[in-house]
Structure formats: structure tokens, C-alpha cells
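Below: the structure, in C-alpha cells.
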Amino acid sequence: MASPPPPAVEARLADLCKELGVDEGVAGEAAALLEEGKGALLASPSFGSRSPGDVEKLCFAFVLYCASKLKEAKAGSRVRLWEILKGCKLKCHDFLKESQQLALKVDQVLGSRYGLDWEARLELKQLDILVNLLADASRFYRKAFNELFLSSSPDQQPRLTTNIPDYIRFGWLLFLMLRSKSPELFKDLVSCIHGLVAILAILLIHVPAKFRSFTIEGSSHLIKQTEKGVDLLASLCHNYHTSEDRLKEMMGKSYKVIEVFLSRKVLSASELKTTNLDKIDTDGLMYFKDLVDDEFFPSNLGKLEKLCSTTGCEGELDLEMFLISNDYILSAENPYGGSANLGCSKRIFETLASPTKTIKNMLAAPSSPSSPANGGLIKIVQMTPVTSAMTTAKWLRDVISSLPDKPSSNLEQFLSSCDTDLRTNVIKRVSIILEAIFPTKSVDRGASIGLNCANAFDTPWAEARKMEASKLYYRVLEAICRAESQNNNKNNLTPLLSNERFHRCLIACSAELVLATHKTVIMMFPAVLESTGLTAFDLSKIIETFVRHEETLPRELKRHLNSLEEQLLESMSWEKGSSLYNSLVVARPSLAQEINCIGLLAEPMPSLDGIVAWQNIHSEGLTTAPSKRRPSADVNCDPQSPKRLCTESRNSLVERNLQTPPPKQSQTGLSSLKAKYHPLQATFASPTVSNPVSGNEKCAVVGVQIFFSKILKLAAIRIRNLCERLRHEELTVSVYNIFKQIVDQQTALFFNRHVDQIILCCLYGVAKVSQLPLTFKEIVNNYKREPQCKPEVFRSVFVGNTNRNGGLGSRHVDIIVFYNQVFVPTVKPLLVALMPSGTRPEDKKNTNSQLPGSPKPSPFSNLPDMSPKKVSSSHNVYVSPLRQTKMDVLLSPSSRSFYACIGESTQAFQSPSKDLAAINNRLNYSSRRINTRINFDMVSDSVVAGSLGQPNGGSASSDPAAAFSPLSKKSKTDS
């Protein structure tokens with residue numbers, strides 16, 4: 001008997017719901033969502049190694065999570081994410097990585113079913129950041145615990161009921177309970193580490209001394225001494241770079257939690273005599289009797305398990321599993337890049353940060369760390385997220401926090417020396433902008449904790465961050481004023497210090513460094529841009545200046561700014577609503593029409609009064625102010641990224657520059673460009689203002705040239721690295737030259753796209769021209785190992801707008817479709833120019849030209865046979881030549897060689913052999929008579945005249961360019 005067919009996908013989802021005990025309402029909603037979005041959700045990606053079974057499990061987990069999270073269900077009927085992942089046998093990292101892509105595929109379905117705010121309610125990004133934070137915290141806790149305590153019991157006593165794993169679990173649960181009772185205190189990694197160090201201190205005080213891995217005398221773990229013994233808290237602060245005041249605050253909160261929820265009486269440790277506290281200074285320390293004793297420890301552990309309940313997005317996860325299982329712990333390595341990415345990332349930073357590096361240096365292969373040029377083997381110290389955060393937090397405490405909280409006397413002198421006294425304006429601006437970034441006014445914004453919720457921050461924490469950011473801003477502003485004063489030989493810096501955009505960029509950069517130091521969950525970039533009214537292009541102008549004028553900036557924060565600048569250059573500055581387009585319509589008027597047609601221009605920067613009104617700073621108890629950056633009703637916005645809403649006409653700027661002749665492109669290097677044309681005030685001036693140094697050109701020209709120089713610098717590094725991975729270093733210069741020509745001549749190819757998408761297409765196009773057997777699959781698989789790789793780069797490429805539900809929406813395709821439909825038609829002339837002499841299409845036309853002294857051929861010898869020919873002996877099937885008008889439309893073999901696929905299948909993704917079989921079946925099908933008469937095309941005189949002197953039916957194989965093996969539809973999907 002034949003085996004029964006496998007159950008349908010709907011049946012398998014129903015079985016999973018029964019297995020998980022999902023409520024009928026949630027199960028029905030998940031089934032309805034699957035039915036509506038099944039085509040997009042279950043489609044296998046063009047690139048990737050996921051099996052259909054894995055794709056289906058991800059799809060089931062996604063629809064169940066959406067139905068449970070977004071559907072208004074009665075209390076107790078929801079199923080938590082960790083239960084869904086356990087039932088689907090999925091890793092949390094895999095789900096969060098793919099779910100954001102799945103959400104983009106069905107964004108219209110989710111919007112129609114659950115409302116336009118579905119993305120904020122789904123909280124996928126918050127979950128992703130939270131998982132990373134808790135994974136880093138749990139790794140730190142396990143490592144620190146193993147340094148301080150033994151890995152197993154020192155004596156094997158049969159009656160011993162408490163062991164080391166119980167103690168480490170007890171400490172983690174105590175930390176989770178502390179977080180659940182004071183969630184506002186633990187929204188950043190630095191706060192979590194302070195909480196965990198406090199827990200370690202409590203364990204050192206209470207866990208029997210025999211379980212320690214060290215002795216008090218001569219210990220390398222406890223090196224701070226007082227007259228009364230070892231200073232426990234000071235020693236731990238020294239080891240883990242924590243603040244002693246903050247640690248004491250966390251200790252006090254931990255004591256309160258133990259006293260209230262575990263019903264244990266707190267005692268002063270100085271009043272007790274116990275072997276655990278021998279040779280330890282007990283001043284300020286507290287002790288709980290029966291906290292970890294064998295008799296009471298199991299009950300205390302059980303109480304902690306029941307009390308560690310969480311709400312919001314944290315309730316979706318089983319936080320205890322971060323400590324005892326791999327299911328939530330993320331690898332320290334990039335999922336695409338592997339362990340080699342750390343060195344690669346550092347190498348990119350060193351190259352970009354060095355002013356002596358040129359494009360030529362970047363295209364050359366770098367020397368190995370162990371090469372003789374580098375003086376032998378260099379030891380690279382591994383920097384973890386925790387050590388990075390704690391090191392930079394120590395810099396904030398030691399260097400920045402000691403500064404005055406207002407402008408110094410030197411800075412006040414610069415501000416008062418302007419045409420008008422700017423001291424009051426600067427102080428007012430700092431207060432408004434930082435309040436927008438770190439809101440401290442309590443506003444009822446719902447139970448969910450989002451990006452900019454005022455109740456998400458603990459007020460003292462937010463006030464402390466505002467103070468750090470303002471002090472850093474004043475410090476760097478003073479350094480910039482000193483440098484500009486020396487360069488201009490004057491103290492009056494009115495053009496710069498009166499520029500609103502310059503100050504906001506400097507404040508935003510300071511705030512971003514403070515947020516990066518603490519690694520907060522709530523404020524995720526680009527939240528700083530949204531709060532300040534800036535765009536990515538604006539912020540990219542200040543980063544280099546900021547680093548140059550803050551000499552004490554830790555290396556980790558310099559790397560963060562470098563990574564941030566890469567994000568701004570590679571994609572964010574090219575998004576719709578970027579102020580880059582406002583500069584491009586002035587610097588390159590030929591692009592103005594397309595920029596205006598797509599609607600890419602940025603809206604005017606909101607005023608300070610507008611920011612005050614938006615944040616409701618002076619109003620208590622109001623509901624959420626509408627976000628100007630996430631206009632839910634704007635169907636023209638690209639769903640793949642947050643856009644800026646513009647409410648006024650943008651045509652005036654375009655029309656004013658349509659008739660302006662394009663400026664001459666400067667051929668000087670970046671350094672000479674800066675020296676001659678780059679006063680800081682010109683960088684932030686309005687695009688239409690004349691350059692104060694060179695009055696015959698606009699400031700937009702300077703800004704665009706500097707921005708493009710940075711783009712070329714970044715592209716040179718990435719092209720070199722990718723060619724090295726592919727072991728085709730010989731392509732590096734050609735790929736870079738094509739990329740550079742696209743930047744100069746086809747700038748519109750970058751609009752709404754990622755720089756890496758253009759690099760991948762350039763590499764494949766050059767490989768095709770060079771007749772190398774390099775497939776897109778090989779290129780993408782090697783690109784996945786690059787540290788900056790994101791799946792959406794090759795899975796979702798913008799190709800234009802399309803009508804959706806009566807409005808305009810964005811159309812995205814995979815990298816191969818983009819290459820064929822957009823890239824090749826645009827860049828074909830540049831690729832043709834790379835072909836060797838004699839193999840270009842224009843050269844092929846002259847290959848049969850008459851040589852000197854050779855006899856003149858007959859003009860009629862090469863006339864093609866224009867008569868229709870019968871191609872089947874049993875059927876009336878004829879083939880006739882095409883008219884010249886149709887011939888002109890068809891691609892030549894050399895043109896086809898640039899594409900990643902040719903031809904049309906009779907069915908989607910069908911192999912060529914099946915296509916031929918289908919054609920033969922149609923020819924051999926004789927059960928019905930075909931009565932339609934075949935109309936042969938008439939041969940015109942122009943066709944005959946045009947064919948004189950031409951070779952008769954030259955073979956396509958004679959063209960070297962046609963020897964490339966274009967991908968078929970089948971091989972395209974395999975790629």
C-alpha cells in the first residue's frame with residue numbers, strides 16, 4: 001500500500017498548537033495569519049542553507065508569537081515566546097534574527113489585521129537587544145563566580161544537600177528578582193554588572209569559606225586593605241571597574257529585597273563573629289542568618305523561583321535559562337563572520353582612523369599581525385562587551401563627571417565674543433535636547449516599554465546620563481572653539497556657534513557615546529536622531545571632528561563611533577528623508593528631478609519649541625505625543641526603515657537648482673580638499689549658501705565631495721576584504737574603479753539602497769567580464785563572513801515604488817533580480833569598457849572588415865536566407881526571421897553575458913531540461929487540429945539592405961563574452 005500523503009502545513013500548525021496547549025482563540029488567529037501570509041512566509045530565501053523544515057518551524061513560531069502578542073486575548077490564554085521556541089526546537093537567536101525579516105514580508109498583512117502600531121507592540125527589536133544584554137550579563141556572572149568559587153564541593157559528604165551549582169543559581173535568581181522588582185534600574189548593561197557584583201559580594205559574605213577558590217591572605221582577588229582587614233567592596237570595584245558608590249546603592253537594594261521577600265532579618269556584619277568574615281573589614285556590610293544554610297537554603301531557593309516573574313517583553317523569555325542552558329546564550333562571534341571578524345573589524349577601524357591611509361593603501365593587501373613588517377607576533381587582547389562597557393564607564397566617572405556642569409570660563413568667552421551673546425541659547429538648547437533624549441517627566445504611555453517612553457527610565461539614572469552628556473558636550477565644544485580660533489586667527493566664531501544643526505549634532509554625538517557606554521536596552525540608535533530632529537547625514541559630519549577634538553576618548557568609544565559612521569555611510573544616509581538629498585539637488589542638479597520624483601528630500605529640522613511641544617516637557621500626565629519619525633498613516637514610507645515625515649512642499653529647492661550647471665568635480669585628494677574648502681561652518685551651513693572660502697560654489701558641493709570621499713574609502717576596504725576572501729585579489733582594483741565611476745556618474749543607483757549591494761553587483765559584473773567562473777552564491781556566502789553583513793543586504797534590495805492598496809509602496813527583490821533588472825542596464829557601458837580589446841560588442845562589428853589589399857567580397861554572398869523554414873516533418877511548424885524593429889530590441893550575446901540569468905521558463909524555477917521537454921510535448925501533441933494560419937513577417941527592403949556585407953548567421957560562440965555561463969532560473973534559485 002502506498003504511504004499516506006504528509007499532512008498539510010495547516011494541519012502541522014494545528015498539531016503544534018495542541019502540543020503546546022495553545023488557547024483556541026490564539027490557535028485560530030495563528031491559522032488565519034498563516035493562511036493570509038503563507039506565500040511570503042514559507043518562501044525559501046534565494047540565499048541561505050535553511051531547509052524547508054527549518055523555514056516552516058520559523059514560520060510557525062512567528063505566526064504563533066504574533067497571534068499571542070498582538071491579538072487581544074483574555075488573561076492566561078497567551079503562550080510565551082520561550083514555550084513556542086521550545087516546542088519548535090528553535091534557538092532564540094535564530095528566531096529573532098529571522099523574525100524581523102518575516103515581519104517585513106507580511107507587513108501589510110500585520111498592519112491590516114492588528115493596526116498600524118503592530119511593530120511597536122511586537123517588540124522584536126527590544127527582545128533582540130534584551131537577549132544580548134542578558135547573555136552578556138550571564139557570561140560575566142558565570143566567569144566571575146568561577147573565579148571566586150570552586151567548581152565542585154571540596155569534600156564529598158553524602159549528607160551535603162547544597163552544592164556549587166545551587167549557589168550560582170541562587171545568585172542568578174536573586175539578581176533576576178532584583179531586576180523584576182526594580183526594572184527601571186536595569187535597562188543598561190553597566191547597571192546589570194553593578195547588580196551582579198553586589199550579588200557576588202553577598203555570596204562571598206554568606207557562602208561557606210570552604211567553597212572559595214582563594215584564601216584571604218595574599219589573594220589576588222581582594223587586594224584593597226584597610227586597618228580592619230580586606231575592603232571587600234573596594235576590591236571588587238577594582239577588579240570589575242565598578243563605581244563604589246553605585247555598588248553600595250545596589251547592595252542596599254539587594255538587602256531590602258532579601259529582607260522583604262525572603263523574610264530574613266538583616267544584621268550588621270560587624271556585630272557577628274563568623275569564619276566567613278575573618279580578616280574582612282565588616283564596616284557597612286550586612287548579614288542574614290539562615291540565608292544559605294543547608295536547612296533553609298532549599299526553601300529560600302524555591303521562594304526565589306516563584307518571585308522571579310517579569311512583565312512586558314521580558315515575560316516572553318525564561319530568564320533562568322540564560323544561566324543553565326545554551327538556548328538563549330548567544331555566541332560571542334558574529335553569526336556570519338566567525339571569530340576572524342574581531343581582527344577584521346579592528347583592521348577597518350585602524351585604516352579609517354588613520355589620516356595617512358589613502359585609497360591606494362586600502363586596496364593593497366594588509367600585512368599579517370605576525371609578519372616581519374609588524375615586528376613579529378602581536379598579542380590581541382579579547383575585549384568583551386562587559387569589559388568594554390565597564391572600561392568606558394570608568395572613563396566617564398574619572399574624566400567627565402569631574403567637569404563643571406556649565407560652560408567653562410574659556411567657553412563662555414567664545415560664546416560672548418560672537419555678534420550676539422550666545423551663552424543663554426547654548427544652555428537652553430542643551431537642556432531641551434537632552435530632555436528629549438533622556439526624558440525624566442513621568443508620562444502614562446502604556447505598560448509596554450518602547451524606545452522613547454518617559455517612564456522607561458529611572459529618573460536619577462536619566463538625570464545622571466543627562467549630566468554626563470552635557471559635560472562631554474561642553475568639553476568638546478570648547479576644544480573645537482580653540483582649534484577654530486587658531487585656524488581663523490579670531491575669537492569671533494559667529495557663523496559656527498550660531499548654527500543650530502552643528503550644536504544638535506554635537507549634543508547628539510555626546511548623548512550617543514553615553515548611551516553606548518552604558519549599553520542601554522531602551523534607547524537604541526537611531527533614537528538619538530529621532531529625538532533631536534537630525535538625519536543620518538547630519539550626524540556623519542560631526543563624528544570625525546568629535547574624535548579629533550576629544551583626545552581622552554577611550555579606544556572602545558572610538559571604535560563605536562567608527563562603527564556608527566559606517567552605518568551612516570553605508571545605508572542610513574541614503575534612506576528616504578535624508579538631508580543628503582537636499583545637498584545633492586544643489587551639488588548635482590541633474591539628480592534633482594529623480595530625487596523629487598521619488599520624494600527623497602528631508603523635511604526642515606524642527607525648532608526647539610517644536611521639540612518641547614512634541615515631548616510635552618511642561619505637561620504632566622498627557623498621553624503619548626505622536627512620533628514625527630514613525631508616521632503610521634504614510635503609505636509612501638519604506639516599511640524597512642523609519643522615515644521622516646515631511647508636511648510641506650519640497651519642490652522649491654529642486655526647482656531653484658534645476659537650471660544650475662553642475663560644478664566641476666575636484667580631482668584633489670581628501671586632505672587637500674579639507675585644507676582648502678573645509679571650514680567647519682561650511683560643513684553645517686545651508687546647502688544653498690556660498691562657500692566662505694571659495695565663493696563661486698555652494699557649501700553643498702563641499703559636503704557632498706567629502707561624503708563621497710568617505711564612501712570611497714569605506715568601499716575600498718570592503719572590496720579588498722571580500723576579494724581576499726574569494727581569493728581573487730586581482731579583481732580588487734577593477735571592482736573599485738567600477739564602484740568609483742558609479743559614485744561619480746550613476747549616483748542615483750545608491751538611492752534607498754545599501755552600499756554593499758552595489759559592491760556585490762560590481763564584483764559579480766567584473767567577474768563576468770573577466771570570464772571567471774564566480775557565482776553569486778560564492779560571493780554571497782563569502783560576504784556572510786564579513787563583520788558588517790546583514791541578511792537584508794542580499795535578500796531585500798529596493799527597485800522602485802509600486803501601487804499597493806491604492807497608495808505607493810516600496811518594491812524589494814533579491815540581489816540577483818536587482819542585478820539583472822536595474823544594475824546591468826545602468827552600468828553596462830562601464831562594464832563593456834573593462835572588456836579586453838577585440839571582445840567588445842563594437843569591436844565585434846568590425847572583425848570581418850576588409851583588410852588592405854584583400855579582394856572585395858561580393859555584396860550578395862552574405863545575403864541571409866529570408867524564407868520561412870519548416871522545422872517539423874509531421875507538423876506545420878515554421879520559423880521565419882524577425883523584423884528589424886524586433887531585432888533591435890533583442891540583446892546581443894555579449895550583452896546577455898553581463899546578466900545573472902537568461903531566458904524564460906515555461907514554469908517558475910523549472911530546469912532547462914524540463915523546459916525543452918515541455919516544448920517537445922507541445923510540438924508532438926496532435927490530438928487536436930490547429931486551424932490558425934501562421935502569418936509570416938514580410939521582409940522589407942531595409943532588412944535586405946542592412947544585411948549587405950554582414951556575415952551569414954555568425955555563431956554566438958565566436959564572441960568571447962558570450963562564453964560566460966549565465967545562470968538559468970534553476971541555478972539562480974540554487975545560488
Side-chain angles (χ1 to χ4, degrees), residues 184-185 187-188 190-191 396 400-401 403-407 411 415 422-446 449-477 497 499-518 520-535 538-539 542 546 604-630 642 644:
E184 72 281 356
L185 299 179
K187 297 302 180 184
D188 65 281
V190 173
S191 298
L396 276 180
I400 303 302
S401 295
L403 297 174
D405 57 355
K406 60 182 180 179
L411 180 56
L415 296 174
L422 299 176
R423 288 177 292 183
T424 303
N425 291 341
V426 166
I427 295 174
K428 177 183 177 183
R429 181 188 298 109
V430 170
S431 176
I432 292 174
I433 297 298
L434 289 181
E435 178 63 27
I437 298 174
F438 303 103
T440 56
K441 301 296 186 296
S442 179
V443 179
D444 183 13
R445 302 186 183 221
I449 294 179
L451 290 178
N452 270 335
C453 292
N455 62 347
F457 287 121
D458 173 56
T459 299
W461 185 94
E463 292 290 354
R465 304 294 79 78
K466 287 168 63 176
M467 189 63 65
E468 291 170 346
S470 64
K471 291 178 178 180
L472 181 57
Y473 160 74
Y474 289 138
R475 176 185 175 94
V476 179
L477 179 61
L497 294 180
N499 189 291
E500 180 71 19
R501 198 177 299 270
F502 163 73
H503 285 287
R504 290 199 195 183
C505 287
L506 201 57
I507 296 171
C509 196
S510 302
E512 174 60 28
L513 286 181
V514 171
L515 289 168
T517 293
H518 293 272
T520 177
V521 178
I522 303 172
M523 291 289 289
M524 298 175 289
F525 190 79
V528 229
L529 299 181
E530 298 174 355
S531 300
T532 55
L534 299 171
T535 72
D538 297 329
L539 191 62
I542 199 65
F546 197 103
M605 185 173 62
S607 65
L608 290 176
D609 292 338
I611 293 179
V612 171
W614 177 63
Q615 287 290 335
N616 293 321
I617 291 179
H618 299 296
S619 300
E620 299 291 340
L622 297 181
T623 56
T624 307
S627 173
K628 64 183 181 299
R629 295 306 182 112
R630 295 179 180 269
R644 296 168 60 90

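Just so you know, these numbers come straight off a predicted model, no measurement behind them.
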Under the side-chain hydrogen bond (donor to acceptor under 3.5 Å, both in side chains) test, residues paired with S191 that sit two or more places apart: D188, R246
S531 vs I433, side-chain contact (heavy atoms from CB on, under 4.5 Å): CA-CA, chis, key distance, verdict: CA-CA 7 Å; S531 300; I433 297 298; over 6 Å; no
Heavy-atom pair with the smallest gap, counting every atom of D405 and M467: CB-SD, 3.3 Å
Any donor-acceptor pair under 3.5 Å from S431 side chain to K428 backbone: no
Partners meeting side-chain hydrogen bond (donor to acceptor under 3.5 Å, both in side chains) with R465 (sequence neighbours left out): E468, H518
For A462 against P439, the heavy-atom pair lying closest together: CB-O, 4.1 Å
Test ring-ring contact (aromatic ring centres under 6.0 Å, His included) applied to F502 - qualifying residues, sequence neighbours left out: F684
Closest approach of A511 to L434 (non-hydrogen atoms, all atoms of both residues): CB-CD2, 4.3 Å
Rounded distance [0.5 Å steps], CD1 in I542 versus CG in L534: 10.5 Å
Test side chain to side chain contact (heavy atoms under 4.5 Å, CB included) applied to L415 and T424, I427, V426, the passing residue: V426
Y473: partners by side-chain hydrogen bond (donor to acceptor under 3.5 Å, both in side chains), with sequence neighbours left out: H503
Worked check of side-chain contact (heavy atoms from CB on, under 4.5 Å) between T532 and I507: CA-CA 9 Å; T532 55; I507 296 171; 5.6 Å; no
Evaluation steps, side-chain contact (heavy atoms from CB on, under 4.5 Å), between F525 and L515: CA-CA 9 Å; F525 190 79; L515 289 168; over 6 Å; no
Heavy-atom pair with the smallest gap, counting every atom of C509 and L539: N-CD1, 4.2 Å
Heavy-atom pair of closest approach, residues V190 and T517: CG2-O, 3.4 Å
Residue pair L497, L477: steps toward the side-chain contact (heavy atoms from CB on, under 4.5 Å) verdict: CA-CA 9 Å; L497 294 180; L477 179 61; 4.0 Å; yes
Check: S401 main-chain N/O paired with K471 side-chain donor or acceptor under 3.5 Å: yes
Salt bridge (Lys or Arg N to Asp or Glu O under 4.0 Å): pairs with one or both residues in residues 501-511, sequence neighbours excluded: E500-R504, R501-D538
Residues in side-chain hydrogen bond (donor to acceptor under 3.5 Å, both in side chains) contact with E463, at least two apart in sequence or another chain: none
Interatomic spacing from CZ in F546 to SG in C505 - rounded to 0.5 Å: 12.0 Å
Spacing of CD1 belonging to I400 relative to CG belonging to L513, to within rounding of 0.5 Å: 9.5 Å
Close side-chain approach of Y474 and L411, heavy atoms under 4.5 Å: yes
